[in-house]
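Here the structure is laid out as structure tokens; the discussion comes afterwards.
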Amino acid sequence: MINQKSVQLGSVRSVIRELFEYGKKRKAQIGEENVFDFSLGNPSVPAPAAVQSALKDIISSCDPVELNGYTSAQGDLEVRKAVADYINKNFSVGISADNIYMTCGAAASLCIILNALLNKGDEVITIAPYFPEYRVFTEHAGGKLVPVAGKEGTFQPDIPSIMAAITPATKAVLINSPNNPSGVVYSEEAIKEICKVLQEFKERGQTIYLISDEPYRELVFGGVNVPYIMNYYAESIVCYSFSKSLSLPGERIGYIAVNPAAQNAGEVYAAVCGAGRALGYVCAPSLFQKLIARVIGTTSDVSVYERNRDVLSAALASYGYEVVRPDGAFYLFVKSLEPDSDAFAERAKQHELLIVSAKSFGVEGYVRISYCVSPQMIERSLPAFEALAKSYGIKSA
Ligand code: PLP
């Protein structure tokens with residue numbers, strides 16, 4: 001018999017993918033412009049012009065064999081140096097190329113780091129709402145995901161809940177800010193408090209790693225600061241991806257950065273290389289590694305997302321929805337108009353609104369709206385959101 005866990009994982013689509021597939025069918029039936037598909041987190045803004053021109057330049061100037069050849073398993077040295085220089089310029093953490101491992105995006109970064117750190121039965125605490133794949137990645141690495149609720153309404157980390165969830169088996173705390181699905185940016189105060197707790201455990205002899213999953217770091221609005229965890233806690237690792245910041249989700253490029261200040265940074269990095277090897281995640285796409293060395297620091301035009309956020313959150317609030325104000329990413333977290341968010345998301349379909357129930361993100365009573373869509377679609381969708389609220393007897397302000 002083949003591996004039944006894998007069969008099951010491969011046979012059941014995620015709620016998000018299910019909704020996206022439904023949307024494709026519905027668009028074919030009633031026309032693309034009549035379906036308001038807020039299901040996926042696929043960037044709607046093109047990659048910056050600098051990406052196009054750097055790619056053209058690399059293709060025309062690079063030796064053709066080198067262009068498409070393997071790099072070192074952990075990534076090209078010059079590329080890793082460029083990434084380290086960028087991190088040092090912005091966050092002054094004294095990181096070097098030997099702390100950087102190039103990966104196929106954040107998903108690969110997470111799988112590698114979890115396989116690098118976890119022994120069978122180790123626990124990973126995360127804060128709900130959280131990216132549903134965390135459970136898949138953690139369990140595949142032999143661990144157990146332990147979600148703890150964020151603070152109701154703000155979805156900031158709740159320190160007493162995190163403390164209560166720590167056991168002798170806790171190996172890591174996994175955070176994601178700006179957050180998918182809430183769009184919330186964790187405050188510096190919350191980060192400091194988490195790090196203080198972890199430092200106390202470290203001093204008592206239990207090292208708990210802090211993993212920060214950061215595909216949305218640059219997608220912030222109004223100058224909000226996203227604290228860089230290496231500046232707060234030595235035993236920390238950043239899982240980064242260019243999927244959203246450069247609108248390159250299909251190109252599969254990102255990196256893992258191990259804090260050089262970690263007590264056993266060399267061993268952690270060796271484990272990252274070992275896990276990358278065992279999983280077959282070696283030599284991230286070499287053309288896109290070369291691209292990153294040239295364009296790191298460039299970001300897609302996030303003003304489009306900011307405008308979408310402003311228009312959608314103001315309109316929904318005026319129709320009577322309770323909206324969690326997001327400072328980043330491209331997701332709006334909205335309170336469901338009935339206790340069962342699955343039923344609410346289902347009812348939204350009657351208005352051709354495709355929004356994701358937050359149950360799979362570990363939270364009851366909310367839905368996620370991905371507003372990485374065209375501003376025109378946002379405008380067209382507003383009467384449908386208003387009609388949905390009215391169908392629950394809620395009057396516009
Ligand atoms: N982590 C979070 C929170 C995400 O939202 C995503 C993708 O949407 C990922 C990781 C995976 O990112 P990537 O496409 O870079 O693998």
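- Applying the side chain to side chain donor-acceptor pair (under 3.5 Å) test to residues at least two apart or on different chains, none of the pairs has a partner in residues 42-52.
- Between Tyr331 and Tyr216, the distance separating the two ring centers is shorter than 6.0 angstrom.
- In this view, Ser14 satisfies the side-chain hydrogen bond (donor to acceptor under 3.5 Å, both in side chains) rule with no residue, not counting sequence neighbours.
- Enclosure of atom CD in Glu322 is not indicated, since only 12 or fewer non-hydrogen atoms of other residues, nucleotides or ligands lie within 6.0 angstrom.
- Residues forming a side-chain contact (heavy atoms from CB on, under 4.5 Å) with Glu267 (at least two apart in sequence, or on another chain): Asn264.
- The stretch residues 362-372 participates, sequence neighbours left out, in no salt bridge (charged side-chain N to carboxylate O under 4.0 Å, His left out) pair at all.
- Shown here are the salt bridge (charged side-chain N to carboxylate O under 4.0 Å, His left out) partners of Asp342, two or more places apart in sequence or in another chain: Lys359.
- Residues passing the side-chain hydrogen bond (donor to acceptor under 3.5 Å, both in side chains) test with Asp37 are Lys27, Ser39, sequence neighbours excluded.
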Just list the side-chain donor-acceptor pairs under 3.5 Å for residues 160-168, sequence neighbours left out, or say none.
| from | atom 1 | to | atom 2 | distance (Å) |
| --- | --- | --- | --- | --- |
| Ser161 | OG | Asp158 | OD2 | 2.3 |
| Thr167 | OG1 | Glu123 | OE1 | 2.9 |
| Thr167 | OG1 | Ala169 | N | 3.0 |

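- Legend: side chain to side chain donor-acceptor pair (under 3.5 Å) pairs involving residues 296-318, not counting sequence neighbours, sorted by first then second residue: Ser247-Ser300, Asp301-Ser303.
- Every residue two or more places apart in sequence or in another chain was checked for a salt bridge (charged side-chain N to carboxylate O under 4.0 Å, His left out) with Glu251, and none qualifies.
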With a cut-off of 3.5 Å and sequence neighbours excluded, list every side-chain donor-acceptor pair involving residues 191-202.
| from | atom 1 | to | atom 2 | distance (Å) |
| --- | --- | --- | --- | --- |
| Gln199 | NE2 | Glu203 | OE2 | 2.9 |
| Lys202 | NZ | Glu235 | OE2 | 2.8 |

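- By the side-chain contact (heavy atoms from CB on, under 4.5 Å) test, Gln29 pairs with Arg26, sequence neighbours left out.
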Donor-acceptor pairs under 3.5 Å, side chain of residues 128-137 to any protein atom, not counting sequence neighbours: which ones?
| from | atom 1 | to | atom 2 | distance (Å) |
| --- | --- | --- | --- | --- |
| Tyr130 | OH | Arg135 | NH2 | 3.1 |
| Tyr134 | OH | Asp213 | OD2 | 2.5 |

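- Residues Val268 and Leu174 are members of one and the same hydrophobic cluster, defined by side-chain heavy-atom contacts under 4.5 angstrom among Ile, Leu, Val, Met, Phe, Trp and Tyr.
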